[in-house]
Asks: 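Attaching a single structure in structure tokens format; questions to follow.
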Amino acid sequence: MDDRAELKHLTEVLTGPESSAGQWFAAGATLYELFLQRSGLNEKEAGLRRDVQMPSGKALGPIWAAFCLKDAIRTRIFLTSILNAIEAARQRFPGGPVHVLYAGCGPFATLMLPLVPFLKKNSAVFTLLDVWPENVQSVKTLIDAFQAGPFVREIAVADAVQYRIDPDRPVHVLVMELLQAGLTNEAQVAALANLAPQLRPGAIVVPERISVNAGLLHPGKDMRRMTDPEGAVQDVFHLLEPGFTLTAESADWLAFTQGEERVVRLPADRDPAYNRLCLFTRLQVYGNERIETWESALTQPLPLLKLEEPPQAAGIALRYECGVTPGFRFRLL
Ligand SMILES: C[S@@+](CC[C@H](N)C(=O)[O-])C[C@H]1O[C@@H](n2cnc3c(N)ncnc32)[C@H](O)[C@@H]1O
């Protein structure tokens with residue numbers, strides 16, 4: 001099988017409705033090896049394993065950014081979503097190829113290259129950005145290796161938090177995954193705050209919606225969940241309201257960008273066994289494509305506090321802070 005045929009086959013397994021979870025993970029691992037070999041990225045190079053501190057968060061070292069591919073459910077759901085988003089944008093903006101801005105492409109352009117065998121000629125053209133010159137170089141090598149050139153407008157070293165979209169080349173789909181669980185450490189919020197106002201009306205953002213809620217976790221049930229092959233353990237956690245929702249256009253914008261505080265009360269009739277206060281992240285990537293709790297590194301609960309008995313607080317005040325170390329901050333009430 002040639003490289004392009006192998007890329008198509010692996011993407012089919014990774015995104016196919018018939019594949020099992022084991023097949024998704026195996027396909028992700030094989031795709032990682034294929035991209036590693038064809039890009040020439042040196043996994044052992046220490047300089048590619050350090051993160052870079054930007055004013056709006058960390059940019060993962062290229063090796064860590066490459067590893068994101070192996071987060072198989074994440075990669076599967078994003079790829080399916082982006083293909084659907086391109087189709088929707090083609091209906092919405094007829095008359096030319098859909099322009100996709102892919103910010104934070106990493107060394108493998110993981111959220112673009114696997115789609116290339118499935119894109120119709122002239123259906124889409126990508127602008128790819130990353131802050132690491134090594135990533136940009138690696139992606140250029142892969143674009144050549146997989147003959148993806150006709151789908152690329154530009155590949156540039158640029159900071160998504162500062163980037164200006166050329167008004168003569170409006171963006172129809174924005175793809176961006178500068179993300180960790182709880183929107184911590186990386187620049188997703190700051191980059192969206194920069195890019196969303198520059199998008200034309202009707203443009204699609206992938207991921208479409210990121211929800212973060214405080215919640216109460218039952219550690220005993222969580223332990224049973226991890227060792228239960230049937231996945232039958234119920235009610236492992238309860239989400240608390242109000243949460244925060246990040247979309248390109250929601251009224252929640254101010255809450256994020258200006259650090260508005262939200263008060264989350266602990267229920268008075270709470271079962272004391274639910275004693276771990278955590279942040280829960282969920283993604284609506286596009287349409288019905290979602291990543292739920294525990295399905296990806298992006299949706300692992302982030303522990304905030306172990307509640308004592310009687311609890312040391314009636315609730316918490318929660319707010320989001322942009323800056324060098326973005327993330328949620330809380331204080332006890
Ligand atoms: C979590 S990795 C994701 C890599 C790849 N897109 C994927 O989904 O597998 C995030 C990538 O975004 C890049 N990045 C982080 N902050 C950035 C910024 N402000 N502007 C542009 N790229 C950024 C990092 O260098 C890294 O390659």
Side-chain angles (χ1 to χ4, degrees), residues 11 14-15 27-29 31-32 34-36 39 41 47-82 100-115 126-140 142-143 154-165 173-196 198 205-207 210 281 283 285-286 289 291 296-300 322-327:
T11 309
L14 184 56
T15 58
L31 201 50
Y32 174 89
L34 180 65
F35 285 162
L36 191 66
S39 64
L41 195 75
L48 301 181
R49 288 173 173 265
R50 65 182 165 80
D51 301 333
V52 167
Q53 188 59 65
M54 311 274 294
S56 304
K58 240 184 233 177
L60 296 189
I63 301 300
W64 309 125
F67 277 166
C68 297
L69 194 167
K70 297 192 196 187
D71 192 347
I73 295 179
R74 178 211 75 118
T75 303
R76 166 188 165 82
I77 301 285
F78 267 85
L79 289 173
T80 307
S81 295
I82 294 162
V100 184
L101 175 62
Y102 177 7
C105 57
F108 293 166
T110 296
L111 304 182
M112 178 248 178
L113 264 179
L115 299 177
F126 283 70
T127 296
L128 301 103
L129 311 177
D130 204 284
V131 288
W132 278 82
E134 289 84 348
N135 285 346
V136 166
Q137 188 48 53
S138 169
V139 168
K140 285 183 175 165
L142 290 174
I143 297 289
E154 193 186 352
I155 314 175
V157 178
D159 180 354
V161 178
Q162 306 287 334
Y163 186 77
R164 304 307 304 164
I165 295 173
V173 179
L174 170 64
V175 173
M176 196 163 62
E177 198 273 64
L178 318 176
L179 266 180
Q180 292 181 22
L183 293 166
T184 52
N185 297 330
E186 293 187 51
Q188 184 86 10
V189 177
L192 195 60
N194 171 45
L195 295 172
Q198 301 182 56
V205 176
V206 178
I210 303 174
T281 311
L283 280 80
V285 185
Y286 182 63
E289 299 293 335
I291 308 179
S296 153
L298 305 179
T299 59
Q300 297 302 310
C322 291
V324 178
T325 312

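What you see below is based on every heavy atom in this structure, not just the backbone, and it leaves out hydrogens, waters and symmetry mates. In this text the structure is predicted, and so the values were computed from the model without any measurement. The first residue in the sequence is number 1, and the count goes up from there. Order of appearance sets the numbers: ligands from 1, and atoms from 1 within every ligand.
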Asks: Checking Phe78 now: which residues fulfil ring pair (Phe, Tyr, Trp, His ring centres under 6.0 Å) with it, not counting sequence neighbours?
Replies: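 Partners of Phe78 under the ring pair (Phe, Tyr, Trp, His ring centres under 6.0 Å) test: none.
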Asks: Suppose we screen for ring pair (Phe, Tyr, Trp, His ring centres under 6.0 Å). Which residues come up paired with Phe67, at least two apart in sequence or across chains?
Replies: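 Result, ring pair (Phe, Tyr, Trp, His ring centres under 6.0 Å) vs Phe67: Tyr32, Trp64.
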Asks: Holding to side chain to side chain donor-acceptor pair (under 3.5 Å), I want the full list of residues that pass it with Glu177, two or more places apart in sequence or in another chain.
Replies: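 Only Arg74 meet the side chain to side chain donor-acceptor pair (under 3.5 Å) criterion with Glu177.
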Asks: Taking non-hydrogen atoms within less than 4.0 Å of ligand 1, which protein residues qualify?
Replies: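 Ligand 1 is contacted, at a heavy-atom distance under 4.0 Å, by Ala59, Leu60, Ala65, Cys68, Arg74, Tyr102, Gly104, Cys105, Gly106, Thr110, Leu111, Asp130, Val131, Trp132, Asn135, Ala158, Asp159, Ala160, Val161, Glu177, Leu178, Glu186.
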Asks: Test Pro114 against every option in Ile82, Thr75, Thr15, Leu31 by the side-chain contact (heavy atoms from CB on, under 4.5 Å) rule and name the one that passes.
Replies: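 Exactly one candidate clears the test, Leu31.
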Asks: Just to verify, which of Ile73, Ile210, Leu283 counts as forming a side-chain contact (heavy atoms from CB on, under 4.5 Å) with Thr299?
Replies: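 Only one option passes, and that is Leu283.
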Asks: Between Asp51 and Asn185, is any pair of side-chain heavy atoms under 4.5 Å apart?
Replies: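 They are not in side-chain contact.
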